[in-house]
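Working notes for the structure below.
A, B, ... follow the sequence lines: proteins, then strands. Residue 1 opens every chain. Worth saying up front: this structure is predicted, and the values here are computed from it rather than measured. All values below were derived from every heavy atom in this structure, side-chain atoms included, with hydrogens, water molecules and symmetry-related copies excluded.
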Amino acid sequence: MSINRLIEIPEEEVTPEEVYLSRRSFMRGAAAVTLGAVASRALGQSEESGGGDLSELGQTDEALTDYEAITTYNNFYEFGYDKSDPSRRSGDFVTEPWSIEIGGLVEQSGTFALEEIVSQFETLRRTYRLRCVEAWSMVIPWNGFMLRDLLEVVKPTAEARFVAFETVYRPEQMPGQRRDLLPWPYVEGLRLDEAMHPLTLLATGLYDQPLKNANGAPIRLVVPWKYGFKSIKSIVKITLTAEQPPSTWNIYAPHEYGFYANVNPDVDHPRWSQATERRIGEFRRRDTLMFNGYGDLVADLYEGMDLVRNF
Amino acid sequence: MRAARAAPELDRSRTGAAASARGRDKAAVKRWRRVSHLALWALTLTPAVVTVVHTFTGNLGVNPIETLTHRTGWWAIVILALTLTVTPLRRLLGWNWLVRYRRQLGLGAFIYASLHLGIYAFLDLGLDLSILAEDIAERPFITVGFTAWLLLLALALTSTTASMRRLGKRWTTLHRLVYVVAGLVSLHYIWGQKVLETQPIVFAALFAVLLMSRAVYSWRKRRAGPRTLPRRTTTEPPS
């Protein structure tokens, strides 16, 4: 497939070389520089670790949370603040057609149709723990692709240090957005190295089913070592920036929700403890793990950082 | 009220019959009161019974302990609001008989508040009382909720008629603490949410109206002077 089918950008920004460059060779070139380097750092593996052996990254053999629970117990304030609101009140939400605007500090900016983006990448099945900031957790088999694969196609410039995300704003379809519960649209952000981490997914499905509206259809972020609110849903905009982008819960209550929001049992939410969590479907609380149990893969991203101050 | 239940005119001519009619009347009133109190208890405890049924039929949703905590807390607030509605309603409509059910409603609120705290402490935290102590000490919204429960406990323990007799006027003063409970509970409910949700604000507003109505009443009473002293006296002092 030709890259110009994926990347629809204004004529003046299109250089002939890029038009004729096939995606395969494009990706191979990018992988040699970035993908290999990040993967080897994250995994402590050699330079040879390409895309293939990343498909099983971070897998867990823990019992999966019931599909019913994953799709009916959600925090998606665009549809209301009750856990049942996203499944009950998202019937009017239209996710076809869908496109994502990618811009900022990238070489290939533009607005891309979702199916063209998705068709470029191998769909992975990754089973991750999800830890909500409210101290409950689930185990979810996601389907999606690594965010880094997309970023490598659009090529962040040398100045890019952060990735900003934005959820769709459609109050006529999203009843929660008709009220000022939170400042809309919902925005989130990652540091570029967090975004490039092979654990970080753009998910389009779970349990091998397309995402339901309640779970952030048609495409959402999944960052398993951070509290759930970082994993922004129904994404329409991805912007590479030099400065740390705003994030909605941090704007709403800066002393309660930080930009990093790494799962950390030692840093409590001001109003409740983060030391333990209830796994949905279990009776007893279990201990919360540092970085939600993904410390061996992500701890080096935060080396030397004060994680109490940068909560 | 009593006049309405008086024996028919015919019986009054014969004192013996009148006395026995009054006796029958008194017994009927007593029986009615007992039945009505039982009925109110049945009504008050229905949500708890329904919740127990839901627990054993697996109808508490995805996060049952959270559902139990929220549901019992919600009913505690609803019944507390009903308790505080008795006096304004009595003054507004002249339904003096309502006051008879006020203490019972207050006890109902205490029961649900105790279930709410108990489920949190024993089911949610899993009997780890050190976590409970830490929560109460360090997390203001839990401190506030726990304080409200302690005050309700004091009011529940002194809710008997014997306590009322023993404490006399001080009983009224003591039981005005329920106003403080209303404030603490409103704060606890609002503070427990991640965002400003509708229901906690509605309840806080309702409590504000109920407490303000009392302030307005006593202010008007004071301004009106001694000529218009409250005409109705009741077995329980106004709260």
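- A:L181 is not listed as a side-chain neighbour of B:E197, based on a closest heavy-atom distance of 4.5 Å or more.
- Residue A:L182 holds its CG atom at 10.5 Å from CG of B:L196, rounded to the nearest 0.5 Å.
- Counting heavy-atom neighbours within 6.0 Å of A:K212 NZ, excluding the residue itself, gives a total of 12 or less.
- The CD atom of A:E282 sits 11.0 Å away from the CD1 atom of B:I65 when rounded to the nearest 0.5 Å.
- Using a 4.5 Å cut-off between heavy atoms, A:W272 touches chain B through backbone and side chain atoms alike.
- Heavy-atom neighbours of A:D61 CG from other residues, nucleotides or ligands within 6.0 Å: at or below the threshold of 12.
- A:R271 places no side-chain N or O within 3.5 Å of a backbone atom of B:F141 that could act as its donor or acceptor partner.
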TODO: Tell me, with the steps shown, if B:R139 and A:S273 meet side chain to side chain contact (heavy atoms under 4.5 Å, CB included).
DONE: CA-CA 9 Å; B:R139 307 191 202 291; A:S273 165; 3.4 Å; yes

Open item on the list: Assess the residue pair B:D124 and A:R278 against the criterion (side chain to side chain contact (heavy atoms under 4.5 Å, CB included)); give the C-alpha distance rounded to whole Å, side-chain angles, the decisive distance to 0.1 Å, and a yes or no.
Closed with: CA-CA 9 Å; B:D124 196 349; A:R278 169 154 294 105; 2.9 Å; yes

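- Within a 6.0 Å radius of CD in A:E243, no more than 12 heavy atoms belonging to other residues, nucleotides or ligands are found.
- Counting all heavy atoms, side chain and backbone alike, A:I280 lies closest to B:V62 at CG2-CG1, 3.2 Å.
- With a 4.5 angstrom heavy-atom cutoff, B:Q193 touches chain A only via backbone atoms.
- With a 4.5 angstrom heavy-atom cutoff, A:E134 touches chain B only via side-chain atoms.
- Contact annotation for A:D268: only side-chain heavy atoms (C-beta onward) come within less than 4.5 Å of a heavy atom of chain B.
- Contacts between A:D180 and chain B at a heavy-atom distance below 4.5 Å are absent for every atom of the residue.
- In terms of heavy-atom proximity, B:P140 sits nearest to A:P270 at CD-O, 4.3 Å.
- Here the closest heavy-atom approach between residue B:L125 and residue A:R285 is recorded as CD2-NE, 4.3 Å.
- With a 4.5 angstrom heavy-atom cutoff, A:T72 touches chain B only via side-chain atoms.
- Using a 4.5 Å cut-off between heavy atoms, A:F283 contacts chain B through both its backbone and its side chain.
- Smallest separation of non-hydrogen atoms from A:Y252 and B:V195: OH-CA, 3.2 Å.
- With a threshold of 4.5 angstrom between heavy atoms, B:L123 approaches chain A through its backbone and through its side chain.
- Heavy-atom neighbours of B:K194 NZ from other residues, nucleotides or ligands within 6.0 Å: above the threshold of 12.
- Between the NZ atom of A:K83 and the CG atom of B:N63 there is a distance of 8.0 Å, given to the nearest 0.5 Å.
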